[in-house]
Number of protein chains: 2
Amino acid sequence: MKSGGKKDACEITCIDSKRVASVRKKIEPEHKIQLLSDTFKVLGDPTRVKIVFALSQEELCVYDIALLLGTTKSTVSHQLRVLRNMRLVKYRKDGKMVYYSLDDEHIKNLFDEGLRHVEDL
Amino acid sequence: MKSGGKKDACEITCIDSKRVASVRKKIEPEHKIQLLSDTFKVLGDPTRVKIVFALSQEELCVYDIALLLGTTKSTVSHQLRVLRNMRLVKYRKDGKMVYYSLDDEHIKNLFDEGLRHVEDL
DNA sequence: TCAACAGTTGAATAACTATTCACCTGTTGT
DNA sequence: ACAACAGGTGAATAGTTATTCAACTGTTGA
């Protein structure tokens, strides 16, 4: 069905087209892949991991988070915005204070599963 | 106990030192935080997410992964090294071919938990 | 009204990273 | 031995990002 030139890389190099087709059918749509990797990317920073871990224990204000991490309010505030954008944390205002907490019950499971991987070195 | 200057930011701005101390006791050690965020960071890229997802369905060779993702062998090979370094995938050589598969049963759980978060928008 | 403070933000810098390109290694079949 | 191919890799580029600094908003108490 094809003028069998030696340059027809597809038929030559496609090792197992059946397997490829089978996986292709099950693969998640592009926008979901993007959201998923964005979620993981947000957790892929030590500062944000610490923030999320702290908030998984207690509701905390911005300054206390900074104190806990040994960093500045500015850094924490910047990272909290990133976490807010991905709907990982929510906040509650009380006068001058802003109290942050986790927004999603899956996050803690995600953490625990990640820690289980890390335990195995 | 302190020469009560108005610059003593710690006592003034530490809002709830009891809560801070409580969280500090439970916080994971630095190297674990680092490993955890490194693991999430590795999953924080669409190309690697696709690779991991594909490998969660089938053992695949490098070229087939590239075919599946619509990218090059080189890109896939680079990213497979990153995944290998974090012990997320393993490989098996067979002549010219190298077959990759997932190295860790937790990864699929991590994925499913992440997807559950994404479903909630 | 005003000083003090919690928090946010924009700009700048420095560090990191995903992809591409070109080239390399090692294996297979002839 | 040799051509063909699967896979790996180093350098370069372009894009992204975490932190710092300085300035800002809005709230509280005197």
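Letters A, B, ... are given to chains in the order of the sequence lines, protein chains preceding strands, and every chain is numbered from 1. As a basis for the values below, the full set of heavy atoms in this structure was taken, side chains included, without hydrogen atoms, waters or symmetry mates.
- Following rounding to the nearest Å, B:N85 (CG) and D:dG8 (P) show an atom-to-atom distance of 12 Å.
- Going from atom CE of B:M97 over to atom P of D:dG8 covers 11 Å, rounded to whole Å.
- Counting non-hydrogen atoms under 4.0 angstrom, B:Y100 reaches the backbone sugars and phosphates but no base.
- The side chain of A:K73 places no N or O atom within less than 4.0 Å of a non-bridging phosphate oxygen (OP1 or OP2) of C:dT9.
- Put simply, CG on A:D64 is 15 Å from P on C:dC5, counting in whole angstrom units.
- Put simply, the side chain of B:H78 and the base of C:dT17 share no donor and acceptor less than 3.5 Å apart.
- The neighbour count for A:Y99 OH, taken as heavy atoms of other residues, nucleotides or ligands under 6.0 Å away, is above 12.
- Looking at B:E113 and A:E113, their side chains never come closer than 4.5 Å, going by heavy atoms from C-beta outward.
- Here the P atom of nucleotide C:dT17 and the NZ atom of A:K41 are 11 Å apart, to the nearest Å.
- One can place CZ of B:R81 at 13 Å from P of C:dT17, the figure rounded to the nearest angstrom.
- The side chain of A:K96 lies closest to D:dG26, out of C:dA18, C:dT9, D:dG26.
- Using cut-offs of 30° and 60° for the angle between ring planes, the B:H106 and A:H117 rings count as perpendicular.
- Residue A:Y91 places no side-chain N or O under 4.0 Å from the OP1 or OP2 atom of C:dA6.
- For the OP1/OP2 pair of D:dT19 and a distance below 4.0 Å, the side-chain nitrogens and oxygens of A:Q79 include at least one atom meeting the criterion.
- Nearer to the 5' terminus of DNA chain D, by closest-nucleotide assignment, is the contact made by A:D45 (compared with the other of A:D45 and A:G95).
- Phosphate proximity of C:dT8 to A:R84: present, with a side-chain N or O under 4.0 Å from OP1 or OP2.
- Among the nucleotides C:dT20, C:dT9, D:dG7, the one closest to any side-chain atom of B:S77 is D:dG7.
- Within the structure, every side-chain polar atom (N or O) of B:T75 is placed at least 4.0 Å from both OP1 and OP2 of C:dA18.
- Rounded to whole Å, atom C1' of C:dC5 lies 15 Å from atom CG of A:D94.
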Checklist line | Evaluation steps, side-chain contact (heavy atoms from CB on, under 4.5 Å), between B:I51 and B:T47 | finding: CA-CA 6 Å; B:I51 292 176; B:T47 300; 4.2 Å; yes

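- Residue A:Y63 has no polar side-chain atom (N or O) positioned under 4.0 Å from OP1 or OP2 of C:dT8.
- Remark: P of D:dG7 and CD1 of B:I51 are 13 Å apart, rounded to the nearest angstrom.
- Atoms CD1 (A:I65) and P (D:dT19) sit 14 Å apart, rounded to a whole Å.
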Next item on the list: Run the numbers on B:D45 and B:V82 for side-chain contact (heavy atoms from CB on, under 4.5 Å), then give the verdict.
Entry: CA-CA 11 Å; B:D45 173 81; B:V82 176; over 6 Å; no

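- The base of C:dT9 sits with one of its N or O atoms less than 3.5 Å from a complementary donor or acceptor on the side chain of A:S74.
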